[in-house]
Amino acid sequence: MDYSSTINLPKTDFAMRANLPQNEPKILDFWKNEDIYGQLRRQKKGSEKYILHDGPPYSNGAIHLGQTLNKILKDIAVKFKTLRGFDAPYIPGWDTHGLPNELATIKKHKLNPRTVDPVELREKCAEHALHFLDVQREQFIRLGVLGDWDRPYRTLDKSYEAAIAETFGKMAEKGMIYRGLRPVHWCPKCETALAEAEIEYKNKISDSIYVKFPFEDSKGLFPEWKGGNLFILIWTTTPWTLPGNVAIALNKDADFCIVKNGDEGYVMAKSLAEVVAQAAGLPECEVIGSVKGSCLEGESARHPFFDRESKIVLAPYVVLDDPDSAGTGCVHTAPGHGRDDFETGKRYNLPILVPVDGRGRLTEEAGPFASLPYYEANKVIVEYLRKTGALLFAGVKEHSYPHCWRCHGPVIFRATSQWFVSIDADGLREKALKAIDEITWLPSWGHDRIYNMVQGRPDWCISRQRVWGVPIPAVFCNSCGEAIYTPEVVNSAAKLYAEEGSDAWYKKSAEEILPSEFKCPKCGSKSFSKEKDIFDVWFESGVSHAAVMAKREELEWPADLYLEGGDQHRGWFQVSLLSAVASRGEAPFKAALTHGWVLDGKGNTMHKSLGNVIDPMDFVKKFGAEILRLFVSSVDYTADMRFSDEALAQIAEVYKKIRNSCRFLIGNLYDFSVDKSVERKQLLPEDKWILQKKNELISKMREAYENYQFHVVYYYLQSFCASELSAVYMDVVKDRLYTCGPDSLKRRSAQTAMYEVLRDMVAAMSPVLSFTAEEIWQKFFTDKENVKSVFMVDFPESSEIFLSEEEQSDWEFFEKLRNVLYLQLEELRKNKIIKQSLEARADVYAKDAAYDLLLKYSESIKAYFIVSQLEIHPICEKPENLVEVLPGVFVTASKARGEKCLRCWNYFEPANGQEICPRCEEAIAAL
RNA sequence: GGGCCUUUAGCUCAGGCGGUUAGAGCGCACCCCUGAUAAGGGUGAGGUCUGUGGUUCGAGUCCACAAAGGCCCA
């Protein structure tokens with residue numbers, strides 16, 4: 001007879017195969033249509049806030065894996081805090097202004113940046129930025145990230161633009177803003193400043209000259225020198241920058257010597273002497289003396305054609321280990337013509353000369369070379385040096401040189417007027433460092449990283465000669481040229497931005513913007529020109545704390561957490577910190593958490609040119625966002641992580657394991673509801689055991705979430721499903737679930753435990769496995785628990801004690817027995833005595849307390865072992881030759897006695913040829 | 001060149017204060033089941049901890065140097 005119709009097999013339409021790419025959108029629709037985000041806000045209203053303030057991604061192009069990782073991590077953190085009862089609003093933001101969007105727009109519309117109307121260009125830039133904002137928004141939503149997607153913050157919002165101006169104003173009032181020179185890449189043909197992104201490097205043939213700077217060894221650093229005139233020898237490929245020379249930079253640790261040439265001697269780095277002598281065509285290389293660079297600091301040479309000195313300074317970037325650079329170790333330094341030179345100039349308080357104009361012509365400051373275009377000046381200057389004897393040698397050299405990507409001509413480095421935030425004014429640096437000490441950096445080394453950066457950083461250049469951004473709210477007096485950024489000016493601009501947006505700065509005249517009675521504070525004139533420079537986008541994103549956190553009513557200042565990639569120690573963390581400390585005196589976040597980089601399977605950076613870039617949305621289409629989310633949770637994100645096929649395949653397997661574990665529970669709960677629950681004291685020991693294990697799981701998961709250690713959450717979850725549930729508990733309870741009476745205590749006890757395990761596990765995993773958790777919640781719990789979405793439940797409690805500590809150690813004892821027994825079962829299988837464990841019996845020998853304990857739990861232990869028969873014997877009956885597996889405890893497995901019950905598959909000893917065991921007969925009778 | 005970081009089984013991770021045969025899950029191999037079935041179970045084989053040199057009675061665990069890789073600068 002077929003008894004399968006008399007047993008309770010699992011029933012469910014919860015699919016074994018998730019088919020995530022097709023099914024996730026249905027869950028997304030549910031979240032959207034039911035406005036779960038909005039419902040959560042209402043539900044948590046009045047609860048303690050948890051503010052994770054979103055760092056704005058740049059709205060240019062589709063999202064990449066790094067942003068995917070970032071947003072999923074934020075989502076996990078926010079959802080967990082929400083389950084914990086916090087009101088944790090998540091307002092996503094976007095960085096919309098800036099060069100990449102401007103350049104992309106120019107390219108897309110084939111605009112001429114020199115002739116296009118700025119307002120028209122800005123409109124097209126906005127369109128471009130908002131397009132990609134929409135693209136990214138859809139993608140982030142697709143990942144399952146819950147947030148206020150209908151009301152994100154955007155740096156081009158009027159209120160945001162106003163906040164930028166206001167923050168600038170606060171800094172200006174504290175005297176932190178100043179105008180100064182700074183070298184930038186400059187295209188003399190296009191007459192414009194160029195950003196690094198607009199530079200292309202090509203090989204170029206340049207002059208290569210060695211120039212003698214007269215030097216008097218007044219301190220007697222080279223006592224060995226008995227010859228005639230001394231010079232410091234420099235090398236350069238840009239003779240036209242010599243008029244800007246004010247210093248010669250040395251490495252402090254390098255050794256310098258004199259190379260003799262007839263009566264003359266040339267000071268240069270000792271290690272380069274040979275190479276230089278050869279390159280400069282000296283007949284021989286006689287080296288005299290040796291002095292550390294640091295000893296020469298403070299000395300000075302004479303400029304080769306101006307009546308002024310060229311100071312000898314020290315600079316760490318002067319290195320001698322590249323013989324190809326053809327240098328002498330004594331580096332020509334013109335602070336107006338190089339970034340390094342500029343920083344050195346600042347440190348030594350050297351004048352910053354810019355004897356070249358916007359068209360690339362030398363100015364009056366260049367003396368005899370005035371009005372020459374720089375490239376012609378090269379020839380003339382070389383000739384002049386030759387005539388005056390200052391030239392040691394002139395040749396040519398091919399090297400990589402920056403060119404303008406638009407006109408493809410060579411560019412020059414030229415200091416121009418820029419706006420700066422002074423890092424030391426009003427003690428900003430010190431205050432920022434103090435704030436850094438007070439912030440919680442996760443991981444802790446983040447502190448050292450950003451501390452060192454802030455400690456050593458130069459002033460912050462906040463201006464850009466661009467159009468797509470927020471204009472710096474300042475005007476210039478048309479009479480005296482004064483740059484004016486007083487509160488009156490800044491507030492007028494802020495008001496304008498707030499009301500009309502920053503486009504209005506371009507549409508209106510200075511007089512229309514400024515108060516009617518406004519006069520130049522210096523000369524009293526009433527005629528002004530508007531500043532054309534815009535803010536650096538970092539300045540913009542750095543004020544998000546003021547523009548968003550401080551302004552939106554659902555947020556609070558400061559934030560609990562900023563969570564970004566490690567590159568943001570340099571970027572957003574730092575600019576946010578500086579702007580907040582400068583304007584408010586405090587850090588805008590209490591803690592900063594960083595994650596590493598997503599690398600390819602080999603551990604290398606993903607890069608277009610390497611062809612190893614993985615598009616997250618491609619992945620989502622193939623495998624589902626859930627797999628990506630689980631991957632993100634599985635790795636220790638504080639370090640860089642590899643995105644390899646192997647790791648992803650593993651994640652997919654783990655996902656199936658978790659899903660199937662849930663499916664088994666759901667399938668066996670098809671006829672269960674809370675009112676059928678068994679009371680605590682009636683629960684079977686095995687069921688108490690799994691509930692105890694479940695509580696341990698929940699506690700460990702909660703702790704891991706609290707510490708943002710999501711990979712620990714992942715580890716415990718999958719380990720619980722694989723080890724406790726799948727390998728043990730679900731196998732153990734099958735017998736009861738399938739064969740006992742549907743409404744029997746034994747079956748209901750198991751279901752009671754399973755229901756609570758499933759409910760708590762699903763709730764606890766929902767921050768990570770949001771789609772699957774919600775799918776299960778909808779299918780199974782919404783009605784039973786009367787909660788609409790899994791995100792609206794409380795994080796499960798885990799304090800209930802199901803097993804005392806003593807009972808827990810009892811179970812550990814049973815587990816040891818089981819392990820030993822299973823080794824023996826494997827032997828029996830190997831010898832073809834049994835196949836399944838139900839075909840076996842176990843005989844356990846023990847004494848004293850152990851014997852009593854085993855006897856007391858013998859029913860549970862039999863189930864736990866999944867054998868048909870278990871007999872506990874006092875140790876005096878122990879047969880010979882048994883191995884002692886625990887002190888005083890012996891186990892042996894053998895073929896079960898009797899026949900297999902056709903219904904429950906347990907072995908029993910039929911009295912007179914029954915097919916099914918007495919237990920099954922009873923169960924059938926009760927049907 | 002500088003600041004900071006990473007390197008434990010094929011994969012993803014554990015390994016307070018230095019101390020017995022370095023753990024887990026997955027994967028893999030072999031076997032079992034066919035009443036979780038494009039599922040489930042059992043057993044087992046895999047690391048000497050990136051390398052080198054130190055400190056120590058003793059180091060994956062402390063120190064130095066190196067290699068590879070990463071972020072940010074220069």
Side-chain angles (χ1 to χ4, degrees), chain A residues 2-12 14 16-17 66 251 315-322 339-340 343 443 445-453 455-458 565-571 574 594-605 630-631 633-636 638-642 644-654 656-657 659-668 709 711-712 714-723 725-728 730-731 734-735 737-739 819 821-823 825-830 832 834-839 866 903-905:
Chain A
D2 180 14
Y3 292 96
S4 56
S5 60
T6 70
I7 60 175
N8 283 300
L9 294 178
K11 280 182 203 160
T12 178
F14 181 75
M16 179 178 287
R17 288 169 59 84
N251 183 303
Y317 55 83
V318 179
V319 290
L320 309 174
D321 47 10
D322 180 15
R339 199 59 63 77
D340 282 340
E343 295 303 335
W445 47 257
H447 170 273
D448 293 356
R449 189 170 154 89
I450 193 167
Y451 194 95
N452 289 341
M453 286 177 181
Q455 193 167 43
R457 72 157 292 157
D567 55 335
Q568 302 303 336
H569 287 115
R570 182 73 197 179
Q574 192 178 139
T594 49
H595 59 252
W597 234 238
V598 183
L599 309 176
D600 74 6
K602 292 177 190 139
N604 295 113
T605 315
L630 192 57
F631 169 77
S633 82
S634 76
V635 290
D636 177 4
T638 57
D640 297 332
M641 57 227 100
R642 295 182 181 202
S644 66
D645 290 344
E646 203 174 356
L648 268 301
Q650 177 181 321
I651 296 298
E653 286 305 311
V654 168
K656 284 188 208 165
K657 188 73 175 189
R659 187 179 176 88
N660 266 322
S661 301
C662 293
R663 183 171 181 269
F664 181 88
L665 298 175
I666 294 169
N668 285 101
Q709 291 192 307
H711 66 285
V712 175
Y714 163 87
Y715 177 76
Y716 285 130
L717 176 65
Q718 62 103 2
S719 178
F720 178 78
C721 285
S723 303
L725 276 184
S726 210
V728 179
M730 296 194 301
D731 230 16
K734 274 182 206 170
D735 178 66
L737 290 167
Y738 297 172
T739 67
N819 291 340
L821 178 73
Y822 273 36
L823 290 175
L825 291 183
E826 192 61 17
E827 274 302 301
L828 296 180
R829 255 193 286 265
K830 208 191 277 177
K832 311 281 184 201
I834 64 159
K835 290 176 173 174
Q836 297 163 275
S837 64
L838 266 185
E839 293 171 43
I866 318 180
R903 183 168 178 275
C904 71
W905 299 352

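These numbers were taken from a predicted model, which means no experiment stands behind them.
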Nearest to side-chain heavy atoms of A/L599, which nucleotide of B/G69, B/G42, B/A24: B/G69

Is the base of B/A36 touched by the side chain of A/S661 through a donor-acceptor pair closer than 3.5 angstrom? no

For B/G46, does the O4'-C1'-N9-C4 or O4'-C1'-N1-C2 angle fall within 90° of 0, making it syn, or is it anti? syn

Would you indicate whether the side-chain heavy atoms of A/I651 and A/Y714 approach each other to under 4.5 Å? yes

OP1 or OP2 of B/C71 less than 4.0 angstrom from a side-chain nitrogen or oxygen of A/T605, does that happen here? yes

Please report the interatomic distance OG(A/S634) to CD(A/Q650), rounded to the nearest 0.5 Å. 7.0 Å

Just the rounded figure in Å: distance from C1' of B/G35 to CZ of A/F664. 10 Å

Expressed as a whole number of Å, how far does the P atom of B/C26 sit from that of B/G42? 9 Å

With rounding to the closest Å, how many angstrom separate the P atoms on B/G60 and B/U52? 12 Å

Using atom C1' in both nucleotides, what's the gap between B/G27 and B/G46 to the nearest angstrom? 11 Å

For A/G667, report the nucleic acid contact type (base, sugar-phosphate, nothing); a contact means any heavy atom under 4.0 Å. nothing

Within the pair A/K657 and B/G41, is there a side-chain N or O less than 4.0 Å away from OP1 or OP2? yes

Could you tell me the Watson-Crick or G-U partner of B/C65, where both distances fall under 3.5 Å? Say none if there is no partner. B/G51

Which comes earlier along RNA chain B counting from the 5' end, the contact point of A/E646 or that of A/Y715, where each point is its nearest nucleotide? A/E646

Side-chain N or O of A/R642 versus OP1/OP2 of B/U7: is the shortest distance under 4.0 Å? no

What does A/I651 touch in the nucleic acid at a heavy-atom separation under 4.0 angstrom: a base, only the sugar-phosphate, or nothing? nothing

With side chain to side chain donor-acceptor pair (under 3.5 Å) as the test, pick out the partner of A/R903 among A/T6, A/D2, A/T739. A/T6

For B/U48 and B/A38, measure between their P atoms and round to the nearest Å. 40 Å

Among the nucleotides B/G35, B/C4, B/C32, which one has an atom lying closest to any side-chain atom of A/K832? B/C32

Does OP1 or OP2 of B/A36 have a side-chain N or O of A/K734 closer than 4.0 Å? yes

Between A/W597 and B/C71, does any side-chain N or O lie under 4.0 Å from OP1 or OP2? yes

Please give the distance between the C1' atoms of B/U6 and B/G51 as a whole number of Å. 16 Å

If you measure from the Lys or Arg side-chain nitrogens to the Asp or Glu carboxylate oxygens, is any gap between A/K734 and A/D731 under 4.0 Å? yes

Are A/K830 and B/C31 close enough that a side-chain N or O sits under 4.0 Å from OP1 or OP2? no

Just call it for A/I7: base, sugar-phosphate, or nothing, with non-hydrogen atoms closer than 4.0 Å on any strand. base

Please report the distance separating the P of B/G53 from the corresponding atom of B/C49, rounded so that it comes out in whole Å. 12 Å

Rounded to the nearest angstrom, tell me the gap between atom NZ in A/K835 and atom P in B/U34. 8 Å

The side chain of A/W445 is closest to which nucleotide in this list: B/C32, B/C5, B/G69? B/C5

Can you find a side chain N or O atom of A/S726 that sits less than 4.0 Å from OP1 or OP2 on B/G41? yes

If you compare every side-chain N and O of A/N668 against the phosphate oxygens of B/A36 (OP1, OP2), does one of them come in below 4.0 Å? no

Could you give the NE2-to-P distance, from A/H711 to B/G25, as a whole number of Å? 17 Å

Within the structure, does a side-chain N or O atom of A/Y451 lie under 4.0 Å from either OP1 or OP2 of B/G3? no

Please work out if A/D340 contacts a base, only the sugar-phosphate, or nothing of the nucleic acid, heavy-atom cut-off 4.0 Å. sugar-phosphate

What integer distance in Å separates A/L828:CG from B/G41:P? 21 Å

Kindly compute the distance separating CZ (A/R829) from OH (A/Y822), expressed to the nearest 0.5 Å. 8.0 Å

Just verifying a value: how many Å separate A/R17 CZ and A/K656 NZ, rounded to the nearest 0.5 Å? 7.0 Å

Hey, does A/Q650 reach any base, or is it just sugar-phosphate, or nothing, if we go heavy atoms under 4.0 Å? base

Classify the nucleic acid contact of A/R659 as base, sugar-phosphate or nothing, counting any heavy atom under 4.0 Å across all strands shown. nothing

Would you kindly give the CG-to-P distance between A/L725 and B/A36, to the nearest whole Å? 15 Å

Rounding to a whole Å, what distance do you find between A/M730:CE and B/A39:C1'? 10 Å

Contact class for A/Q836 (heavy atom, under 4.0 Å): base, sugar-phosphate, or nothing? sugar-phosphate

Sugar-phosphate, base or nothing in reach of A/D731, heavy atoms under 4.0 Å: sugar-phosphate

Roughly how far, to the nearest 0.5 Å, is the OH atom of A/Y716 from the CD atom of A/Q709? 9.0 Å

Separation between the C1' atoms of B/G47 and B/U8, rounded to whole Å: 7 Å

How far does the C1' atom of B/A36 sit from the matching atom of B/G23, given to the nearest Å? 30 Å

Over all atoms of both residues, closest heavy-atom pair of A/F631 and A/A647: CE1-CB, 4.4 Å

Heavy-atom side-chain proximity of A/N668 to A/F664 below 4.5 angstrom: yes

Starting at the 5' end of RNA chain B and moving along, which residue's nearest nucleotide shows up first, A/V635 or A/Y738? A/V635

With a non-hydrogen cut-off below 4.0 angstrom, is A/R17 in contact with a base, only sugar-phosphate, or nothing? base

Just the rounded figure in Å: distance from P of B/G41 to CG of A/L838. 15 Å

For B/C4, does the base pair up with any side-chain atom of A/R449 as donor and acceptor (N or O, under 3.5 Å, distance only)? yes

Over how many whole Å does the gap from A/D735 atom CG to B/G41 atom C1' extend? 15 Å

